[in-house]
Amino acid sequence: MSVVKHTLLILQGHYPERMFRAYIADPPMVFRGFWKVIKHFIDPATLDKIAFCTGEEGKALLERDFDTNTTEKQAGGQKELRKFCSREFLFDTPHHCTFDEDSS
């Protein structure tokens, strides 16, 4: 627990107001229990920026804030992920692009 508290202090102290919003889509039960403990150590301004996206209400929030046609299924969208290739990621992808971004 002390590691979590220390990490939160670093993030909140050195990166204030950098995050617009964090979306947590369909978290597992074990995370929900962990969240109940750690949320008391998070700055209230940061807590307001964290959105849990579960059920129909969460789906509506994701659809409002994201283009679900370009968002991967694991994050509540429609897009299928392509298979990750470490060689392509490390050697063939330009440094200014993400793995699945078109570099042309």
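- Rounding to the nearest 0.5 Å places NZ of Lys39 at 15.0 Å from OG1 of Thr46.
- Taking Asp26 as the reference, nothing meets the side-chain hydrogen bond (donor to acceptor under 3.5 Å, both in side chains) condition, with sequence neighbours excluded.
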Begin from the C-alpha positions of Phe20 and Asp65 and carry the test side-chain contact (heavy atoms from CB on, under 4.5 Å) through to its verdict. CA-CA 12 Å; Phe20 172 70; Asp65 292 352; 5.7 Å; no
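- Across all non-hydrogen atoms, the minimal contact from Lys73 to Gln78 is CE-O, 3.4 Å.
- Linking Ile, Leu, Val, Met, Phe, Trp and Tyr whenever their side-chain heavy atoms come within less than 4.5 Å leaves Tyr23 and Ile38 in two separate clusters.
- Residue Met29 is not grouped with residue Phe34 when hydrophobic side chains (ILVMFWY) are merged at heavy-atom distances under 4.5 angstrom, including chains of intermediate members.
- Minimum heavy-atom separation, Lys49 to Arg21: O-CG, 3.0 Å.
- Residues Ile24 and Ile50 share a closest heavy-atom pair of CD1-CG2, 3.7 Å.
- The two residues Lys79 and Asn69 make their nearest non-hydrogen contact at CB-O, 3.7 Å.
- Between Phe31 and Trp35, the ring planes are parallel. Angles under 30° get that label, and only those over 60° would be called perpendicular.
- A distance of 9.0 Å separates CG of Asp48 from CG of Asp43, quoted to the nearest 0.5 Å.
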